[in-house]
Amino acid sequence: MTRRRWIADTWNATSAALTGPQAHHLAGVLRARVGQQFDVVAGNQVRRGTVESVEDNCVRFALGEEVSAAHALPLTVALSIVRFEPMEWAIEKLTELGAQRIVPLAAQRCDRHLVQASEKRLERWRRIAREAAQQSRRNDVPEIDGPVGLPAFLETAQDARRLLLSEREEMTPLWDVLNASLEEPAAIALAVGPEGGWTDAEMTLLTKHAWTPVSLGPRILRAETAAIAATSVLAARLNAMA
Ligand code: SAM
């Protein structure tokens, strides 16, 4: 039987609790009852949770045996900031696909107003990631940092296999780059440009930091579509290696 999964706000070795909006939802909307069972993510484990008490702002569980769960893929996606509706959609889908870290990137051609306003969006983006993680039965929530500029981001991705999505015609297809590397990379970082594309200066900086430019084919995709398409390919590859 598939049990609904909750990511606990607080926990110890034997019990866990949901508080705030999650508790309101489970207690008030879903009418949780003592004795009901759910899967509960407590730190880095998923455990069988039996409801022990229900209050409007706190639902407590007794924790039982461990339940198997899918782990995040070792994949960071740096997505240049786009309009908030597609940005939210991308965060939800990248979470479902298994990205471990999502970085809203302030690239040179991003809309300045969107970049300024994005700081205030972080909390909402983290909530979206959390809900998508629960829905897709992950046992973790991707980190969402930022917004960060490209030079600062590059410092944080030094150890990963670095892939730069570029729509310029002469680039090698992503699939060919993956097929050419037989060894499993410890981690992959993917950078996706803004709606106006990367500037020449950014392309130079990225290649100087050993980012490999890759293509998704001859069609120009919206940034969020490109991020999700590339992540699906990388997830398929990483899942096959796991
Ligand atoms: N300004 C560009 C143009 O009009 O030619 C388009 C930029 S595209 C909308 C936004 C970002 O998505 C690009 O910077 C790139 O990172 C990614 N992208 C879009 N289509 C791509 C493709 N076919 N291959 C690789 N990356 C792509």
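Start at 1 and go down the list; that is how both ligands and their atoms are numbered. Note: hydrogens, waters and symmetry copies are ignored here, and every other heavy atom, side chains too, is used. As the structure is a computational prediction, the values presented were derived from the model and not from experiment.
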Give every donor-acceptor pair under 3.5 Å between a side-chain atom in residues 15-22 and any protein atom, sequence neighbours left out.
{"residue": "S15", "atom": "OG", "partner": "N12", "partner atom": "OD1", "Å": "3.3"}
{"residue": "Q22", "atom": "NE2", "partner": "I7", "partner atom": "O", "Å": "2.9"}
{"residue": "Q22", "atom": "NE2", "partner": "D9", "partner atom": "OD2", "Å": "3.3"}

Contacts table for ligand 1: protein N or O within a distance under 3.5 Å of ligand N or O, distances only.
{"residue": "ligand 1", "atom": "1 (N)", "partner": "E195", "partner atom": "O", "Å": "3.2"}
{"residue": "ligand 1", "atom": "1 (N)", "partner": "G196", "partner atom": "O", "Å": "3.2"}
{"residue": "ligand 1", "atom": "1 (N)", "partner": "G197", "partner atom": "N", "Å": "3.4"}
{"residue": "ligand 1", "atom": "14 (O)", "partner": "E167", "partner atom": "OE1", "Å": "3.2"}
{"residue": "ligand 1", "atom": "16 (O)", "partner": "L165", "partner atom": "O", "Å": "2.7"}
{"residue": "ligand 1", "atom": "16 (O)", "partner": "G193", "partner atom": "N", "Å": "2.9"}
{"residue": "ligand 1", "atom": "20 (N)", "partner": "L221", "partner atom": "N", "Å": "2.9"}
{"residue": "ligand 1", "atom": "23 (N)", "partner": "G217", "partner atom": "O", "Å": "2.9"}
{"residue": "ligand 1", "atom": "23 (N)", "partner": "R219", "partner atom": "O", "Å": "2.7"}
{"residue": "ligand 1", "atom": "24 (N)", "partner": "L216", "partner atom": "N", "Å": "2.8"}

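In this structure, R161 CZ and L75 CG are separated by 13.0 Å, a value rounded to the nearest 0.5 Å. One finds the CD1 atom of I144 at 12.0 Å from the CD atom of E123 (value rounded to the nearest 0.5 Å). Atoms CD1 and CD, on I228 and E92 in that order, are 9.0 Å from each other to the nearest 0.5 Å.
Using bins of under 30°, 30° to 60° and over 60° for the plane-to-plane angle, the ring pair W211/F153 lands in the tilted bin.
With hydrogens and angles left out, the side-chain atoms of T95 and R130 include no donor and acceptor closer than 3.5 Å.
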